[in-house]
Amino acid sequence: MPKLTIDGIAVEVPPNTTILQAAETVGVEIPRFCYHDRLSIAGNCRMCLVDVEKSPKPVASCAMPVGEGMVVHTKSERANKARGGVMEFLLINHPLDCPICDQGGECDLQDQAMAYGFDRGRFHENKRAVKDKYMGPVVETIMTRCIHCTRCVRFATEVAGVPQLGATGRGEDMEITTYLEGALASELSGNVVDLCPVGALTSKPYAFSARPWELRKTESIDVMDAVGTNIRVDARGRQVMRVLPRINEAVNEEWLADKSRHACDGLGYQRLDRPYVRENGKLKAATWDEAFAAIASKLRGMPGTKIGAIAGDTVDAESMMALKDLMTAFGSANLDCRQDGAAVDPAVRASYLFNSTIAGIEDADALLIIGANPRKEAPVLNARIRKRYLKGNFTIAVAGEQADLTYPYKYLGADLAAFFANAQVPPGARKPMIILGMGALSRPDGAAILAAARAHAEKIGAVTADWNGFNVLHTAAARVGGLDLGFAPGAGGKDTRGILDAAGKGEIEAVYLLGADEIDTAKLGKAFVIYQGHHGDRGAHRADVILPGAAYTEKDGTYVNTEGRVQRGLRAVFPPGDAREDWTIIRALSEKLGKTLPYDNLGQVRARLTYVNPVFAQVDKVVKAEWKPFGTAGQIAPTPVTSPIKNYYMTDPISRASRTMAQCTEEFVLGGSKQKPTELKSGTHG
Amino acid sequence: MSTRSLAKEQPASFAFNADMTALAQRIIAKYPAGRQASAVIPLLDLAQRQEGWVTQPAIEVVAKMLDMAPIRVLEVATFYTMFNLSPVGKTHVQVCTSLSCWLRGSNDVVKACKEKLNIGFGETTADGKFSLAELECSGACVNAPVIQIGDDYFEDVDYASTGKILDAFKRGEKPAHGSAIGRAGAAPAGEAITLTENPAPPPKQDFAAAKAAFEKAKAEAAAKAAAPKP
């Protein structure tokens with residue numbers, strides 16, 4: 001391992017490390033624009049120049065591998081002068097429009113100009129101006145500010161796998177653009193805004209709405225898919241202004257999917273901010289007491305077998321725990337957190353987890369995707385699969401929907417019956433993995449598919465003593481948490497399909513929908529429906545009593561992601577109006593129903609969660625699930641399997657209420673808005 | 001030079017003709033499997049030879065042939081000024097106006113072109129036969145000033161000879177390319193003025209004496225090393 005000295009500190013690093021990486025290991029910071037840990041090295045901004053002894057010129061530390069005995073000075077006069085020169089060249093064409101730039105306050109160029117900038121300009125010619133480009137509904141461009149670091153181009157090509165961005169022209173005329181100025185068709189496109197070191201690519205929905213120093217930053221967990229992406233919610237006053245990713249190497253690295261990032265404007269529309277009670281067929285605003293009284297008059301004395309409860313996809317574990325305890329107090333076993341009827345086995349944790357873990361994808365050497373479209377169902381996880389694919393020696397096969405997943409794969413057809421009949425063992429794979437999607441499991445024959453997939457996983461050697469490659473990819477953030485705490489039919493209880501059937505027939509007379517909007521509400525028949533949730537969506541339209549709850553940014557909640565990782569989000573803002581945190585609503589209702597739940601604060605609810613399943617005490621960890629028999633062998637129908645997500649941009653009440661997601665739907669799902677940007681903006685003055 | 005971008009009006013489609021397809025396949029075959037993207041420049045050149053300019057459909061056809069994203073091909077096409085991104089005349093006249101040519105009188109050459117063809121830079125004559133473009137250094141400074149017509153360089157031109165060359169093209173002839181003042185390649189005009197004599201033969205070297213001197217020095221050094229230290 002080469003030894004070198006950086007600013008007088010001796011350091012030993014593996015060969016092929018660059019000087020910049022070596023400097024980071026000893027805490028020496030080198031300024032940079034184009035270099036990024038997760039992208040290939042470009043070496044074109046020249047900001048990271050350092051002084052290496054015996055080298056005739058300053059060297060670009062991001063692209064220079066370390067050598068034995070190198071003596072590097074990062075703060076010498078020569079290095080500083082070189083960087084000052086680079087900065088002066090960058091600022092020749094960069095507009096001085098920081099006061100009207102959205103990047104202001106969190107701009108790499110601004111920060112580094114404070115350190116290396118020259119206080120006067122020596123360039124008396126005109127600055128260049130570049131025509132702004134159209135890149136879709138979420139990325140705003142002010143291309144005059146671009147410093148051509150090509151981070152966005154490398155991100156689109158390497159991580160997102162949509163090579164649509166490029167640099168045309170040369171020299172002073174180089175411009176970053178998409179091919180023919182089409183929208184950047186990626187579910188990860190918002191990340192180019194984070195990557196852009198200047199204000200050339202900024203967030204379109206967030207444009208001109210806040211300054212970073214006005215925002216209150218709260219760490220939270222995303223609920224738009226089951227990946228459990230770590231996010232930071234930036235709020236001003238009572239409004240969530242934007243959502244940004246946090247770094248978590250085990251989950252999302254530092255990426256965030258577009259829906260998770262930009263659906264937050266949906267938190268401001270269609271909100272349920274007071275209770276409602278249906279009177280003479282019409283919903284009427286009510287007080288909490290009136291709403292509780294309406295529920296109590298129906299539910300008091302009703303036998304548990306006539307009550308059902310369904311939990312939605314974005315619900316926190318605490319409120320599901322409270323509702324489960326309430327249902328148990330009524331003696332009802334009719335409860336389910338699987339709105340789509342996914343046939344996983346709630347009793348066997350390994351049957352519903354992404355057992356290999358998300359980071360484990362990088363250890364696998366063969367992948368079989370059954371009935372899933374990871375690009376739509378979990379874009380960040382899909383980026384991890386692509387990362388593994390780019391490393392090479394990774395065979396991917398897909399049985400299910402034939403979609404562009406951003407990596408090539410062997411297509412095995414959409415007929416799962418035929419697939420399992422002829423399934424082959426991938427030759428030479430030592431750590432194969434299977435990803436089983438909701439498209440397959442939520443079919444009526446899901447249990448048979450689960451059993452067949454389990455058998456296939458064992459056949460191909462995906463389950464060994466130190467490797468479990470049997471993975472279920474959920475689409476709902478609440479799902480694993482719900483299953484972990486047992487929000488599933490108890491002995492003799494009915495599942496989602498059973499509850500809906502029974503409600504239609506009149507056997508179940510009251511249904512409690514906890515944020516459940518993805519069910520066919522027409523099937524509820526004449527049942528008395530209590531809807532607790534945050535948006536006026538499908539569930540609320542059918543409800544007889546509406547209890548206004550909190551969205552994920554408005555409560556302290558526990559979520560378990562698809563790999564079984566327990567994560568906690570913090571409250572960023574308060575719920576609007578009379579709305580309350582969900583578990584407190586159920587706790588208050590339980591008192592009115594005469595079945596008071598035994599917890600009065602969040603700590604006690606969480607203690608209850610831990611009592612029910614010790615997994616909930618293991619925050620931020622993945623507890624390995626034991627491999628047991630599950631699934632019911634049976635006939636698999638020869639119908640083609642499809643992904644449950646038809647429109648990635650609208651899958652839950654929040655994204656359905658979001659204007660940005662509506663624009664994305666128009667652009668990417670409905671075939672693109674014909675209207676191209678007509679305004680010929682150039683420069684920075686609009 | 002301004003930003004190079006695709007022409008507004010584009011043909012509906014593009015396809016290589018049979019000859020060009022065969023040539024393209026030969027070019028692609030030169031590169032190892034998986035490296036066929038290396039053929040992008042020659043293929044764009046073939047497309048330009050066939051159509052006269054690089055069209056958007058051609059970019060997409062080349063991208064498809066080489067398994068590249070269209071933006072990657074567009075990057076190449078916009079980078080090299082030799083690719084015409086909008087239609088040019090049948091005879092495309094490019095005048096070098098970079099430093100050497102300018103010092104040697106390219107202004108006169110430009111004037112001759114503009115007068116003869118009655119068009120400016122970036123324009124095409126009404127009959128579509130001629131177009132005129134400004135060329136960055138054509139790399140033939142030793143024969144400055146230079147105009148490039150098609151693949152041929154017309155060197156050492158001035159106002160008068162440029163006019164003659166263009167007149168010949170107007171008549172449909174193909175005038176001889178190369179130096180307009182009769183220089184052979186880059187040789188001096190007229191008589192040679194340097195290196196007029198044959199060079200003297202190299203001096204004879206006495207290798208035997210050199211070897212003896214070397215051996216002697218070596219022996220002395222060894223003796224010195226072996227001598228007892230005081």
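Please read these numbers as outputs of a predicted model, since none were measured by experiment. In the text below, chain A, chain B and the rest are named by the order of the sequence lines, each starting its count at 1.
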- What do the steps show when you test A:Leu180 against B:Gln56 for side chain to side chain contact (heavy atoms under 4.5 Å, CB included), and what is the final call? CA-CA 9 Å; A:Leu180 308 179; B:Gln56 184 203 321; 3.1 Å; yes

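Note that CG of B:Leu85 is 9.5 Å distant from OG1 of A:Thr168, once rounded to the nearest 0.5 Å.
Residue A:Thr178 touches chain B through its backbone alone, counting heavy-atom pairs closer than 4.5 Å. With a 4.5 angstrom heavy-atom cutoff, A:Val162 does not touch chain B via any of its atoms.
For B:Asn118, the CG atom is loosely surrounded, since the number of other residues' heavy atoms within 6.0 Å does not exceed 12. Atom NE2 of A:His36 has more than 12 neighbouring heavy atoms from other residues, nucleotides or ligands inside a 6.0 Å radius. Within a 6.0 Å sphere centred on NZ of B:Lys170, other residues, nucleotides and ligands contribute more than 12 heavy atoms. Heavy atoms of other residues, nucleotides or ligands lying less than 6.0 angstrom from NZ of A:Lys387 number more than 12. In B:Arg104, the CZ atom is not crowded: 12 or fewer heavy atoms of neighbouring residues, nucleotides or ligands sit closer than 6.0 Å.
The two residues B:Glu60 and A:Tyr179 have their closest heavy-atom pair at OE2-OH, 2.7 Å. Closest of all the heavy-atom pairs between A:Pro163 and B:Arg72 is CB-NH1, 3.9 Å.
For the options B:Leu6, B:Ile71, B:Thr78, heavy-atom pairs under 4.5 Å to chain A are most numerous at B:Ile71.
For the side chain to side chain donor-acceptor pair (under 3.5 Å) test, no residue two or more places apart in sequence or in another chain qualifies with A:Asp37.
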